[in-house]
Chemist: 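Shown below is the structure under consideration.
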2 protein chains.
Amino acid sequence: MPSIDEVAARAGVSTATVSRALRGRSGVSPETRDRVLAIADDMGYVASSSAAGLATGRNMAIGVLVPVVHRWFFASAIEGVDRQLRARGYDLDLYSLGGHGTNRERVFHRSMLRKRIDGLVVLCMALTDDELAALHALEQPVIVVGGPVEGCRHISIDDRAALRDATEHLIGLGHERIVHLAGGGSFGIDFSVPRLRAAGFEDAMTAAGLPVGPASTLFGDYEARTSKDVVARALAGDPAQRPTGVVASSDEMAFGALLAAAEAGLRVPEDVSVIGVDDHDFSEVFGLTTIRQDPIAAGERAAGLLLAALEKDAAVPIDQPATEPHELVVRRSTGRAPVLAGAAQGAGSGSGSGERAARGPIDRTGSRIPSRPVGAGLSRTRSRA
Amino acid sequence: MPSIDEVAARAGVSTATVSRALRGRSGVSPETRDRVLAIADDMGYVASSSAAGLATGRNMAIGVLVPVVHRWFFASAIEGVDRQLRARGYDLDLYSLGGHGTNRERVFHRSMLRKRIDGLVVLCMALTDDELAALHALEQPVIVVGGPVEGCRHISIDDRAALRDATEHLIGLGHERIVHLAGGGSFGIDFSVPRLRAAGFEDAMTAAGLPVGPASTLFGDYEARTSKDVVARALAGDPAQRPTGVVASSDEMAFGALLAAAEAGLRVPEDVSVIGVDDHDFSEVFGLTTIRQDPIAAGERAAGLLLAALEKDAAVPIDQPATEPHELVVRRSTGRAPVLAGAAQGAGSGSGSGERAARGPIDRTGSRIPSRPVGAGLSRTRSRA
DNA sequence: TTGTACGCGTTATCAA
DNA sequence: TTGATAACGCGTACAA
C-alpha cells in the first residue's frame, strides 16, 4: 500500500536508493541496504507492477493460452508452467478460449496485446492462420506445448512414436484385430496431433502386416462419453469379428472404452485389451495400461525455456528439438489376445498369428508400477453374493 | 505496438482525443471518432495496460487464487470465472498454490500485492490466519467460491443439505448400513466444507434413526485412489455386515468406490449403491448417481458479483446469501437395498427397516437425465464369451 | 469539440 | 555510495 517515496522518507534516503536496494542492485552500502529492506518489509511495501513495468518494459508475467482449462492435459500443463513461473518470480496470466465462443477474437486482438506479459506459452491448440499471424505480431517469445505450431518451438512427446509403441504393445500380446480410438481437432480447425497419432498406429499395424482400413478407426473425439458409445457399437458384433484390442489416443477415451466393455459384459483384458495415452490421474485406479506423458514437466520445461530466452532478450530458439519422453506403463487392462477357434480375419495377409501370440506378454519398457496381484479387472464376474 | 502518439499523429489530432475516442468518452465528434477508431484499428493499437493502469488505478484484471488447478472443481470454476471476465473485458491472473510448496508465501506476500489486479476470486481453500490477514490487507474486493472464508462473501452450494439429500436418497431406497466416504482439508489446515458435509450425512442418518459411529466414516481424502482402497477394505467383510450404501463427498471418491466394488465382485447397484457429489465430467459415463453442482456457473456468478462491486468501487457486500443450487441426478449406481436374510444390524434402534424398504426408489428431485435402459452397471456378469 | 499539460509510481541516467 | 531528475505511456482536469 505505501509507495516508494514513503519508504524512502522513512529510511531517510532517496527513492533511487530504495529501488536499488530492493532490486539487489550494486552501489548500495550494506548498512543502508539492510535498513531499507527492513523498513520496506515492515511497511509491507511491494513495487507496483504497472509502474515498474512502464519504467523497465518488463512485466514479470507471462501468458498461457489454452483452449479450455478443465481437461487433464491442459490443467496439468498449466500447473507445471505456474510452478516454474512462480519459482522465478513471474506471474501467470491465463487466456482461456473456453470452447468455441467469440472470446477467441477478444483474446487474440485485445487481451494479449495489452503488454501485460513478457512472453507466451501456447498449450496444444489448433489455430487459424489469422491467429497464428496475431501470435507472431506479438513480437514476444512464444513457445508451444503439445503440438507443432508453425514457426514456434514446441515441447511435446513424439506423438507418432507414442502411438506406435502403444499399438506394438498390443501386437506383442498377440492381438490382430486392433482398432484405433482416435481424437480430433476441435473447432473444425486442422490440427496435427490427431494425425500424428493415427500415423503411429498405422505404422505399427502395417509393420506387423496387419490390415488397416476405415473400420479400424473409431472416432472418440477425446471424450469418454463419445468413446464409450462408439466402442460399445464396435464391440457389439460377432465375437469372431470384433476387435480384441483398442488403442485409444487418450486415457479419457480409454476410460470410455473400458466402460463400454464392462457394460457389454466383456472381461478386460481376457476378452478385450485397452491401452491409452497420457497416464491420467485416474488411470492407475482404473488399472489402465497406457503410454505415460508428463504435462506438468513439459509445462515447467517450456516456461523455463521461455524465461531463458527472455533473459537473453531473444526469441525462443526454434531449431533445437525438444521432445518429451513417453513410456509404456503396463497395468491390468491389457493381456494376451483371446484365442478363438476359427476366427475369421478381415483382410489380413501375412504372418501367422501363432507366432506373435506365442511371444506372450512383453513389457518392453518395463512396467513402472509393479503389476499388482489385484485379482479382477473392471468387469470381473462377481464371486460372492 | 504503436503508441498513442503515433495514432494521434496519423489521425491529426491530440492524444487526448485518441484516448477519448478509444474509450468511448463523450466530447468527440462522430467523424473524428470514427476516423481515430479506424486508424487505431488499422495500426493495431491497443493501450498499454501498465500505462493505463498507472493513470487510472484500474488494471482491468482480477486474480484467481486456487490450491491446485487440475481438480475438476477448480478447473471448472476457473473456466467460469474466465468466461465472465473475458466477456467484460477483464484479464485473469492465476495464482496457484500448486500443492504444499513454499509458493504460498510468495503468492500471498509478493505476487498478489503487485497491484496487477483489481479484485480477487478465492476458490475453496483452507487458509491460515496469516494468509487470511494478507487477503484483507489487499484492500481489494474479494469473493470466495466454494467454502466459507471469514469476512468474505462466498458462493457455494449448501454443503450440509447436499449431503443430507444424498444420504436421504439412499435411505429412501431402503438402505440402512450406509457409510460416508469423506474428504478432508489438505495441508493440515482446518477447513469447513468436509465438516459441513459430514454433518449433513449425520443429519440424515439420525433423522432416520440410523446409527452413526466411527465405523460409518471412511476417509477418502477427495481422491479416487485412496477411496478405492478404503472402500475395498470396508466391502471385504461379512456380507451381512458390510455397507450396502456409500455416500461419497465427491464424485472422484465415488469413482474409487465404484471400482472397489467392481473388483470385489459386487454388483452396482444390486449389492451396493454409490452416490457422489459434483456431477463430474465422467459421472455420466460411469452411470453415477450424484448431487449435481455447477462450478462453472458459480465461477461466473462470483466474478459477476466481484465486477459489480468493483464498478461501485465498494467491497463485495457480505451480507446477502449466495447459495448455489444443487440437485439429485439419479443414474444407475443407486438402487434398492439388497434384502438379506437374517441381517444383523450394528447398534440401530428405532424404526423398522421394512417400512423404509417398502417405500421403494424415490427420485425426490426427479432425475435430470432419464435413466437409460442400459442393461448393466459396471460390474455386471458377462453375458457372452 | 479539441488541445495542453500534469500526474500515476518506478527505474535509469547522470552528477555529485 | 548517493541523490536529483528525466523518461515510461496513458488518462484527464483544465483551458481554449
Side-chain angles (χ1 to χ4, degrees), chain A residues 1-37 39-40 43-61 89 91 110 113-118 139-140 313, chain B residues 1-37 39-40 43-61 89 91 110 113-118 139-140 313:
Chain A
M1 205 53 190
S3 72
I4 198 173
D5 319 76
E6 312 185 37
V7 178
R10 201 126 102 82
V13 294
S14 70
T15 63
T17 300
V18 174
S19 180
R20 280 190 281 253
L22 257 37
R23 305 173 38 108
R25 300 294 196 196
S26 63
V28 184
S29 79
E31 306 89 56
T32 51
R33 201 187 68 88
D34 291 347
R35 189 159 43 86
V36 168
L37 254 49
I39 290 177
M43 298 177 75
Y45 170 76
V46 175
S48 149
S49 164
S50 304
L54 236 202
T56 62
R58 322 227 72 133
N59 298 86
M60 297 302 282
D91 281 345
R110 198 132 319 252
L113 305 175
R114 294 179 61 210
K115 298 189 183 57
R116 285 177 53 91
I117 59 176
D118 303 323
E139 296 185 12
Q140 285 186 350
D313 199 36
Chain B
M1 205 54 186
S3 72
I4 198 173
D5 320 74
E6 312 185 38
V7 179
R10 201 124 100 82
V13 296
S14 71
T15 61
T17 300
V18 173
S19 180
R20 281 190 281 253
L22 257 37
R23 307 176 41 105
R25 299 296 196 196
S26 62
V28 184
S29 79
E31 305 88 58
T32 51
R33 200 186 68 87
D34 291 348
R35 187 159 43 87
V36 169
L37 254 49
I39 290 178
M43 299 178 74
Y45 171 76
V46 175
S48 149
S49 164
S50 304
L54 239 201
T56 62
R58 321 228 72 133
N59 298 88
M60 296 304 283
D91 280 347
R110 200 131 319 252
L113 305 176
R114 294 178 61 209
K115 298 190 185 53
R116 285 176 53 91
I117 58 177
D118 302 323
E139 298 184 9
Q140 284 185 350
D313 198 36

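Chain identifiers are assigned alphabetically (A, B, ...) following the order of the sequence lines, protein sequences preceding nucleic acid strands; residue numbering begins at 1 within each chain. Scope of the values below: all heavy atoms of this structure, side chains included, with no hydrogens, waters or symmetry mates.
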Chemist: Between Arg35(A) and Ala11(A) (side chain of the first, backbone of the second, donor and acceptor by atom type, cut-off under 3.5 Å), is there such a pair?
Modeler: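 Yes, because the side chain of Arg35(A) sits within donor-acceptor range (under 3.5 Å) of the backbone of Ala11(A).
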
Chemist: Calculate the interatomic distance between Arg35(A) atom CZ and dT2(D) atom C1'; express it in whole Å.
Modeler: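 From Arg35(A) CZ to dT2(D) C1': 12 Å.
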
Chemist: Identify the two heavy atoms, one from Asp118(B) and one from Gly57(B), that lie closest to each other, and give their separation to 0.1 Å.
Modeler: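 Heavy-atom minimum between the residues: OD1-O, 4.1 Å.
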
Chemist: Could you grab the distance from atom CZ of Arg10(A) to atom CE of Met43(A), nearest 0.5 Å is fine?
Modeler: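 It is 5.0 Å, given to the nearest 0.5 Å.
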
Chemist: Please say which of Val36(A), Thr32(A), Ile39(A) ends up in a side-chain contact (heavy atoms from CB on, under 4.5 Å) with Val18(A).
Modeler: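 Output: one option passes, namely Val36(A).
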
Chemist: Counting primed atoms plus P, OP1 and OP2 as sugar-phosphate and everything else as base, spell out the protein contacts along nucleotides 7-16 of chain D at 4.0 Å heavy-atom distance: B, S or - for each nucleotide, 5' to 3'.
Modeler: -BBBSBB---

Chemist: Testing the basics here: between Asp91(B) and Arg116(A), what is the closest heavy-atom pair and its distance to 0.1 Å?
Modeler: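 Residues Asp91(B) and Arg116(A), closest heavy atoms: OD2-CD, 3.1 Å.
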
